[in-house]
S.K.: 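This structure is in structure tokens; I'll ask about it shortly.
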Amino acid sequence: TDAITSTARRVAPRRASCEPMSRPLRIGHQLSARIEGDPVAAAVRAEELGFDAVLAADHVGPGWAPMPMLATIAALTRRVRLGTLVLNNDMRNPVQLAWEASTIDRLSGGRFELGLGAGHTPSEYEATGLERSAPADRKRRLAESVEIVRALVDGEAVDHDGEHYRVDGARIDRALQERLPILVGGNGAGLLGHAGRHADIVGLQGLGRTREDGHSHEATWSTRHLDEQIAQVRAGAGARFDDVEFNALVQVVQITDERDAALARVVESVAGLTMDDAESTPYLLIGTADEIVGHMTACNDRWGISYFAVRDLDGFEPVIRAMR
């Protein structure tokens, strides 16, 4: 439509030859017991509405544990893909995790995507009695875990003696998929470079420094920052860069006929955010359904971000319909 074309033209400059490859758009719904009450029923509804994936978050405490919940969803759905966005790597042994991931992949007929992050919420470490080490240590531990899990779900026997893990002769039944996708979410050149080398999907959140509550984050929605993150992934990926899919965890969805006014209100509420960045960032999906589709298309063209995770369910259905 004209709306899609005009939005894409305004948001994204002409692509350079070194920019990421565009992929077909796909939409994931991040499940939330706090918002929806019954995330299993929400997953079934998401499949009915045409979402491409349902994604479980991971915060120890009230709510549903992600892996048994996804196993249940696997039995009640047929098409929608299942994933985690993201599991706290520190809470899981990589051999046990690979075993569970491979099992869910086989139970679902090959629909599972494993999302991992380095962990950050202090209360989870306090509740479990685990040490919350420095961010650099947690990221190196995540990197080791990703490599161990990758080999195990591919059906390889693993011997590993690293900084954080020792594994002797571990082996599991391989995943059903030829290559079970691993998503790595987080920030920093080291983490993103390693994700470029080893992950299938890189998860971007637009989240910066953790606030005093230990859970919420400052927003980092500038195009400059996102350009830097894509470059960090590219530096690690090298020749396999075009094989990497980019995911964005959307922070605000608002369907409205007054896109500019709605964006202006967000700019007023977020320190340091400019109107230009608000119009371009993938973390804000604001406008009519056609404008939102056009905006996602523009982000795909500019950064290669093709996989958008939203917390809205029925409210996002007009965008799904416009996409189809």
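Being a predicted model, the structure only gives us computed values, none of them experimental. When a residue number appears, it is its place in the shown sequence, counting from 1.
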S.K.: Is Arg265 salt-bridged to Glu268, going by a charged N under 4.0 Å from an acidic O?
M.R.: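 Answer for the salt bridge query: no.
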S.K.: If you round to the nearest 0.5 Å, how far is OH of Tyr125 from CZ of Arg138?
M.R.: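 Taking CZ in Arg138 and OH in Tyr125, the distance rounds to 5.0 Å.
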S.K.: When you look at CD of Glu178, are more than 12 heavy atoms from neighbouring residues, nucleotides or ligands closer to it than 6.0 Å?
M.R.: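 Not buried by this count: 12 neighbours or fewer within 6.0 Å.
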S.K.: Taking atom types as modelled, find out whether Ser306 and Asn300 have a side-chain donor-acceptor pair closer than 3.5 angstrom.
M.R.: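 No, because no side-chain N or O of Ser306 sits under 3.5 Å from a partner of the opposite role on Asn300.
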S.K.: Got a second to check how far Asp154's CG is from Leu180's CG, nearest 0.5 Å?
M.R.: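 With rounding to 0.5 Å, CG (Asp154) is 8.5 Å from CG (Leu180).
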S.K.: Answer with yes or no after comparing the ring centroid distance for Phe51 and His29 against a 6.0 Å cut-off, counting only values under it.
M.R.: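 Between His29 and Phe51, which both carry aromatic rings, the centre distance is below 6.0 Å.
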S.K.: What I'd like to find out is whether the side chain of Ser280 reaches to under 4.5 Å of the side chain of Arg302, using heavy atoms alone.
M.R.: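 Answer yes - side chains close enough.
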S.K.: Hey, could you give me the CG/CZ distance between Leu313 and Arg311, rounded to the nearest 0.5 Å?
M.R.: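 Rounded to the nearest 0.5 Å, the CG-CZ separation comes out at 14.0 Å.
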S.K.: I would like to know whether Arg179 and Asp200 meet salt bridge (charged side-chain N to carboxylate O under 4.0 Å, His left out); could you show each step before the answer?
M.R.: CA-CA 9 Å; Arg179 183 177 173 91; Asp200 303 279; 2.4 Å; yes
S.K.: Do NZ/NE/NH1/NH2 and the carboxylate oxygens of Asp58 and Arg92 come within less than 4.0 Å?
M.R.: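 Between Arg92 and Asp58 there is a salt bridge, with a charged N closer than 4.0 Å to a carboxylate O.
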S.K.: Quick one, Val167 and Asp159 - any side-chain contact, counting heavy atoms below 4.5 Å?
M.R.: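 Val167 vs Asp159: side chains apart.
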S.K.: In terms of side-chain geometry, is the basic nitrogen of Glu228 or Arg224 positioned less than 4.0 Å from the acidic oxygen of its partner?
M.R.: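 A salt bridge links Glu228 with Arg224.
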S.K.: Among Arg81, Arg324, Arg23, exactly one meets salt bridge (charged side-chain N to carboxylate O under 4.0 Å, His left out) together with Asp52. Which residue is that?
M.R.: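 That would be Arg324; it is the only one of Arg81, Arg324, Arg23 passing the salt bridge (charged side-chain N to carboxylate O under 4.0 Å, His left out) with Asp52.
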S.K.: At what distance, to the nearest 0.5 angstrom, does CG of Leu263 lie from CD1 of Ile286?
M.R.: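 Nearest 0.5 Å value for the CG-CD1 distance: 4.5 Å.
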S.K.: Taking all heavy atoms of Asp90 and all of Leu130, pick out the closest pair and write down the distance.
M.R.: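 Where Asp90 meets Leu130 most closely, the heavy atoms are O-CD1, 3.6 Å.
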S.K.: Are His120 and Pro135 close enough that some pair of their side-chain heavy atoms sits under 4.5 Å apart?
M.R.: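 Result no, sub-4.5 Å side-chain heavy-atom pair not found.
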S.K.: Can you list, by chain and residue number, the hydrophobic cluster partners of Leu55 when the side-chain cut-off is 4.5 Å?
M.R.: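 Members besides Leu55, by chain and number: Leu85, Val86, Leu183, Ile201, Leu249, Tyr307.
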S.K.: Does Val253 belong to the same Ile/Leu/Val/Met/Phe/Trp/Tyr cluster as Met323, with side-chain heavy atoms less than 4.5 Å apart forming each link?
M.R.: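 In one cluster with Val253: Met323, yes.
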S.K.: Hey, is Arg141 close enough to Asp137 for a salt bridge, meaning N to O under 4.0 Å?
M.R.: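 Judged by the 4.0 Å cut-off on N to carboxylate O distance, Arg141 and Asp137 do not form a salt bridge.
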S.K.: Cluster question for you: counting only ILVMFWY and a side-chain heavy-atom cut-off of under 4.5 Å, with indirect links fine, are Trp99 and Leu176 together?
M.R.: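 No, no single cluster joins them.
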S.K.: So which pairs with a foot in residues 179-198 pass ring-ring contact (aromatic ring centres under 6.0 Å, His included), sequence neighbours left out?
M.R.: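 Every pair satisfying ring-ring contact (aromatic ring centres under 6.0 Å, His included) with a residue in residues 179-198: His194-His198.
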S.K.: Please report the closest heavy-atom contact between Val250 and Pro282, naming both atoms and the distance.
M.R.: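 Result for this residue pair: CG2-O, 3.8 Å.
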S.K.: Decide yes or no for Leu207 and Tyr283: does some side-chain heavy atom of the first lie under 4.5 Å from some side-chain heavy atom of the second?
M.R.: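 Of all side-chain heavy-atom pairs linking Tyr283 with Leu207, none is under 4.5 Å.
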S.K.: Enter the distance from Arg174:CZ to Ile172:CD1 here, rounded to the nearest 0.5 Å.
M.R.: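 So the gap between those two atoms works out to 9.5 Å.
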S.K.: Would you say that Cys299 contacts Phe308 through its side chain, given a criterion of any heavy-atom pair below 4.5 Å between the two side chains?
M.R.: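 With C-beta onward as the side chain, the pair touches.
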S.K.: Does Leu97 reach the side chain of Leu114, with side-chain heavy atoms less than 4.5 Å apart?
M.R.: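 Contact flag for Leu97/Leu114 side chains = yes.
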S.K.: State, yes or no, whether a side-chain contact exists between Ser123 and Val60 at a heavy-atom distance under 4.5 Å.
M.R.: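 Side chain of Ser123 against side chain of Val60, heavy atoms only: no contact under 4.5 Å found.
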S.K.: How many angstroms lie between OG1 in Thr288 and NE2 in His295, if you round to the nearest 0.5 Å?
M.R.: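 The NE2 atom of His295 is 12.0 Å from OG1 of Thr288, to the nearest 0.5 Å.
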S.K.: So, are Asp314 and Arg45 salt-bridged, with charged N and O less than 4.0 Å apart?
M.R.: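 Salt bridge between Asp314 and Arg45, a charged N being under 4.0 Å from a carboxylate O: yes.
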S.K.: Got a salt bridge between Arg259 and Asp290, using NZ or NE/NH1/NH2 to carboxylate O under 4.0 Å?
M.R.: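 Salt bridge absent between Arg259 and Asp290.
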S.K.: I'd like to know if Arg26 pairs up with Glu113 as an ion pair, taking the criterion as any Lys NZ or Arg NE/NH1/NH2 lying under 4.0 Å from an Asp or Glu carboxylate oxygen.
M.R.: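 A salt bridge links Arg26 with Glu113.
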S.K.: With no hydrogens and no angle check, just 3.5 Å: does a side-chain donor-acceptor pair link Trp303 and Asp227?
M.R.: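 A pair is found: one side chain offers a donor N or O, the other an acceptor, under 3.5 Å apart.
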S.K.: If the threshold is 4.0 Å, N to carboxylate O, is there a salt bridge linking Glu47 and Arg78?
M.R.: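 Answer for the salt bridge query: no.
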S.K.: Hey, is Asp168 close enough to Arg166 for a salt bridge, meaning N to O under 4.0 Å?
M.R.: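 Salt bridge: yes.
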S.K.: Using only heavy-atom distances, determine whether the side chains of Ser222 and Asp277 contain a donor-acceptor pair under 3.5 Å.
M.R.: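 No, no side-chain donor-acceptor pair sits under 3.5 Å.
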S.K.: So does Glu156 have more than 12 non-hydrogen atoms from other groups sitting under 6.0 Å from CD?
M.R.: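 Counting neighbours around CD of Glu156, more than 12 heavy atoms of other residues, nucleotides or ligands fall under 6.0 Å, so yes.
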S.K.: Check Ala43 against Leu31 and note the closest heavy-atom contact, atom names and distance.
M.R.: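 For Ala43 and Leu31, the tightest heavy-atom pair comes out as N-CD2, 3.9 Å.
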